[in-house]
**Q** 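Have a look at this one.
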Number of protein chains: 2
Amino acid sequence: MDQVNLKKLAKELNLAVSTVSRALRDSHEISPKTKERVRELAEKLGFQPNPHASSLRQNRSKTIAVIIPEIENNFFSQVINGIESVTPDKGYHVLIYLSHEDYNKERDILQLLRNGRVDGVMISVSNTTTNMDHIEAWRQNGFPLVIFDRTCEDVDVPNIMTNDAEMAFKATEHLVKRGCKRIAFLGMAGNLSISNRRKAGYLAALEKYRIAAPPKVVELTAKDYINRDLLKQIFQEQPRPDGIFAAIEKFAVNTYEVCKELNLHIPKDVKVISFSNLQAAALFDPALSTIIQPAYDIGREAANILFKIIEKKMLMPYEKKMILPSQLIERASTAITS
Amino acid sequence: MDQVNLKKLAKELNLAVSTVSRALRDSHEISPKTKERVRELAEKLGFQPNPHASSLRQNRSKTIAVIIPEIENNFFSQVINGIESVTPDKGYHVLIYLSHEDYNKERDILQLLRNGRVDGVMISVSNTTTNMDHIEAWRQNGFPLVIFDRTCEDVDVPNIMTNDAEMAFKATEHLVKRGCKRIAFLGMAGNLSISNRRKAGYLAALEKYRIAAPPKVVELTAKDYINRDLLKQIFQEQPRPDGIFAAIEKFAVNTYEVCKELNLHIPKDVKVISFSNLQAAALFDPALSTIIQPAYDIGREAANILFKIIEKKMLMPYEKKMILPSQLIERASTAITS
DNA sequence: TTGAAAGCGCTAACAC
DNA sequence: GTGTTAGCGCTTTCAA
């Protein structure tokens with residue numbers, strides 16, 4: 001199968017290649033008649049311009065990359081959906097890369113893309129990323145880049161995230177008001193700014209409400225998600241927590257599993273609230289109280305901002321650090337029991 | 001920031017561009033010494049070859065496209081994960097496109113890609129796709145293409161799917177053996193082969209077990225997922241179903257919601273089983289019996305087969321129609337109640 | 001073992 | 001309003 005190209009169209013129409021090119025791009029210097037003829041034949045032959053040739057020539061790929069730690073996660077799926085809500089209209093294509101929570105992979109992917117394959121990158125960093133040099137290198141090269149959700153404050157790149165600290169405060173406060181005296185925080189190990197923000201909100205709430213029990217910050221890794229021994233241990237200590245604030249959906253799921261195993265009743269023995277974008281949280285036994293992040297909006301806004309950067313438009317101050325609020329939904333897992 | 005290119009390397013090393021190119025591609029006709037020198041400088045300057053130039057020249061993009069109906073769906077996320085498990089090692093990049101269950105979008109995306117942007121396509125068709133002309137056109141052009149999950153039998157393209165009919169039979173049989181007398185099938189409207197296979201399995205089981213009540217096939221659309229009136233109606237008819245086999249996860253979730261609303265108890269009043277890849281199904285109230293599809297494996301195998309086609313290797317007969325078995329997990333939603 | 005040169009398909013600067 | 005031409009950065013003959 002031979003591709004139709006400009007040359008073929010030009011020959012068929014007895015025109016110069018450049019004329020055909022201009023006609024198809026609706027240049028004002030081409031006569032309506034010619035445009036019509038060109039478009040007709042292009043349509044008939046199903047002509048599609050070769051993207052590599054134009055990318056090479058124009059030094060612009062019409063492609064962006066999205067780098068995320070994992071994809072089997074409602075939050076990131078929804079983000080991609082949000083991104084995809086703007087890309088087709090812009091004539092852009094979306095490449096997906098997974099870092100699998102591995103700093104080295106993340107750095108290599110970013111390195112791999114430093115050659116014009118994409119016009120810009122959207123990234124949510126892995127939880128093993130402590131060093132922002134790879135991001136900084138991109139920024140210094142003037143490559144368009146935005147960070148979302150798992151951001152890093154100490155680098156001068158647009159951030160799109162949610163009000164983590166505030167919602168963590170509210171979640172903890174919610175547990176306090178439901179009578180919890182010993183509230184544990186389940187976060188992700190690593191130096192993620194997102195974990196730190198959520199932890200800070202948790203600690204602030206404990207302090208405000210003058211909770212007697214010392215804060216209990218538990219930082220779990222991907223391994224602890226599979227092997228739940230560490231989590232189990234927490235519930236076997238005395239006194240055991242009567243409230244769990246999970247900063248990560250997975251750990252809420254784990255908490256449910258462990259509680260079932262240990263015959264601890266939610267919400268009677270322990271109340272649970274979690275950051276989660278799981279649609280089905282309402283169907284859990286018991287229904288899980290959640291803080292829902294505006295994942296779709298985060299994706300959409302992050303993409304819009306990236307396009308502004310690509311198009312060299314000035315960013316509004318609020319676009320350099322955009323905070324989209326989450327929503328707390330109370331359900332049975334934090335209900336008061338008599 | 002100026003990109004480093006072959007020309008710059010060549011100049012710096014006092015070599016011809018072609019020599020540098022060959023050295024970097026480890027050609028046997030370049031002396032070890034030269035290779036070493038070239039590699040050293042390339043490393044030092046962080047040289048990355050311009051992908052558009054090589055794609056243009058070699059007529060090969062090192063990129064594949066994945067076209068799926070939606071991404072906020074565990075099954076498809078897992079498929080992408082499976083695909084990504086093979087692409088980086090092959091040096092390939094992955095473009096994601098969403099058809100949003102819209103045939104026209106699907107056709108346009110496929111049309112858009114007929115220009116060398118990608119070396120191959122993996123597709124799971126939308127539920128509004130009844131016409132396979134767009135797929136057929138690709139095949140006839142000799143473009144590498146594989147279809148997964150939502151396949152179409154009537155087109156000569158490699159298919160990767162699960163044993164839908166068999167598992168639908170087993171799911172229905174499972175309900176029968178748990179005492180259900182009036183089993184309804186909830187499927188997706190449209191002419192999807194996958195729905196048809198699952199429906200066929202359902203009907204076969206009813207026939208085998210000589211169920212007196214007539215089959216009840218309910219075909220729902222995306223609208224019915226949002227507005228659950230149609231589903232509610234089914235439970236308000238007399239006699240109402242005492243067993244639900246949902247061919248789509250979403251409709252199982254809807255069933256739970258509607259049952260809660262109507263005060264119908266699962267599994268006492270109605271038992272429910274569903275195709276679903278939701279990790280959290282075990283935490284539902286009650287835990288949902290599921291048929292889990294090997295989504296990750298489907299993605300990985302489909303990608304492997306696509307690469308064989310791209311590399312013009314012969315396919316084994318079983319690779320032209322690969323069926324990866326699903327797994328039925330019994331949980332409380334189909335338990336016998338006394 | 002290395003170099004020179006053509007050319008992939010497109011766009012854009014410069015004629016006319 | 002249309003044509004001619006150069007060149008994007010790379011790979012690949014062909015020549016030396």
Side-chain angles (χ1 to χ4, degrees), chain A residues 1-39 41-42 45-63 91 93 112-119, chain B residues 1-39 41-42 45-63 91 93 112-119:
Chain A
M1 110 247 89
D2 269 348
Q3 283 295 335
V4 196
N5 56 23
L6 284 186
K7 208 158 127 191
K8 195 175 283 176
L9 291 181
K11 198 168 165 189
E12 190 99 4
L13 294 162
N14 247 320
L15 287 169
V17 175
S18 55
T19 309
V20 178
S21 174
R22 277 180 284 225
L24 289 170
R25 319 178 82 245
D26 204 26
S27 160
H28 60 276
E29 41 182 17
I30 300 293
S31 76
K33 262 176 282 179
T34 308
K35 278 185 190 170
E36 193 43 41
R37 282 181 62 216
V38 171
R39 277 204 275 255
L41 186 67
L45 300 184
F47 170 75
Q48 291 280 71
N50 183 310
H52 308 301
S54 20
S55 294
L56 177 59
R57 184 60 229 252
Q58 302 191 89
N59 206 21
R60 195 190 49 154
S61 62
K62 286 277 191 179
T63 305
H93 301 256
L112 195 68
L113 297 174
R114 292 184 59 178
N115 57 7
R117 185 179 295 275
V118 297
D119 296 342
Chain B
M1 112 246 87
D2 269 347
Q3 283 297 333
V4 195
N5 56 23
L6 284 186
K7 209 158 127 190
K8 195 176 285 177
L9 291 182
K11 199 168 165 189
E12 191 99 4
L13 293 163
N14 248 318
L15 287 170
V17 175
S18 53
T19 307
V20 178
S21 173
R22 277 181 283 224
L24 289 170
R25 319 179 80 245
D26 203 24
S27 161
H28 60 276
E29 42 183 16
I30 301 293
S31 75
K33 263 176 281 182
T34 309
K35 277 185 190 169
E36 195 42 43
R37 283 181 62 215
V38 171
R39 278 203 275 254
L41 187 67
L45 300 184
F47 169 76
Q48 290 281 70
N50 183 310
H52 307 303
S54 16
S55 294
L56 177 58
R57 183 59 228 255
Q58 303 192 90
N59 206 21
R60 194 189 48 153
S61 63
K62 286 277 191 177
T63 305
H93 301 255
L112 195 66
L113 297 174
R114 293 183 57 177
N115 56 9
R117 185 178 293 277
V118 296
D119 296 342

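First the proteins, then the strands, lettered A, B, ... as listed; each starts at 1.
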**Q** How many whole angstroms separate atom CG of A/Leu9 from atom C1' of C/dC10?
**A** 12 Å

**Q** Would you indicate, yes or no, if C/dA12 has its OP1 or OP2 atom less than 4.0 angstrom from a side-chain nitrogen or oxygen of A/Arg25?
**A** yes

**Q** Grab the NZ-P distance between A/Lys7 and D/dG3 for me, whole Å please.
**A** 16 Å

**Q** Is there a side-chain contact between A/Arg39 and A/Asp26 (heavy atoms, below 4.5 Å)?
**A** yes

**Q** Between C/dG9 atom C1' and B/Arg117 atom CZ, what is the distance in whole Å?
**A** 14 Å

**Q** Looking across every strand, which nucleic acid part, if any, lies under 4.0 Å from B/Gln58 by heavy atom: base, sugar-phosphate, or nothing?
**A** sugar-phosphate

**Q** Across the strands shown, which category fits B/Ser18 at heavy-atom distances under 4.0 angstrom: base, sugar-phosphate, nothing?
**A** base

**Q** To the nearest Å, give me how far apart CG (A/Leu13) and P (D/dG1) are.
**A** 18 Å

**Q** Map A/Leu6 and A/Glu29 onto DNA chain C by nearest heavy atom, then report which one ends up closer to the 5' terminus.
**A** A/Leu6

**Q** Is it the case that the side chain of B/Asp119 and the backbone of B/Ser61 share a donor-acceptor pair, with hydrogens and angles ignored and the cut-off at 3.5 Å?
**A** yes

**Q** What is the distance, rounded to the nearest whole Å, between atom CD1 of B/Ile30 and atom C1' of D/dT12?
**A** 13 Å

**Q** Would you kindly give the NZ-to-P distance between A/Lys35 and D/dG1, to the nearest whole Å?
**A** 9 Å

**Q** Rounded off to whole Å, could you give me the NZ-to-P distance for the B/Lys33 and C/dT1 pair?
**A** 10 Å

**Q** Just to confirm, is there a sub-4.0 Å distance from OP1 or OP2 of C/dT11 to any side-chain nitrogen or oxygen of A/Ser21?
**A** yes

**Q** Out of D/dT2, D/dG9, D/dC10, which nucleotide sits closest to the side chain of B/Phe47?
**A** D/dC10

**Q** Please work out if B/Thr34 contacts a base, only the sugar-phosphate, or nothing of the nucleic acid, heavy-atom cut-off 4.0 Å.
**A** sugar-phosphate

**Q** Any heavy-atom pair between the side chains of B/Gln48 and A/Leu112 that's under 4.5 Å?
**A** yes

**Q** Which nucleotide wins on minimum distance to the side chain of B/Leu15, given the candidates C/dC8, D/dT2, C/dT2?
**A** C/dT2

**Q** Ignoring backbone atoms, establish whether A/Arg57 has a side-chain N or O less than 4.0 Å from OP1 or OP2 of C/dG9.
**A** no

**Q** Give the nucleotide from the list D/dT13, C/dG9, D/dC10 with an atom nearest to the side chain of B/Arg22.
**A** D/dT13

**Q** Is there a side-chain contact between A/Leu41 and A/Phe47 (heavy atoms, below 4.5 Å)?
**A** no

**Q** First locate atom CG of B/Leu15, then atom OG of B/Ser21, and finally report the distance between them rounded to the nearest 0.5 Å.
**A** 12.0 Å

**Q** Which whole-number value in Å describes the distance from A/Leu56 CG to C/dG7 P?
**A** 17 Å

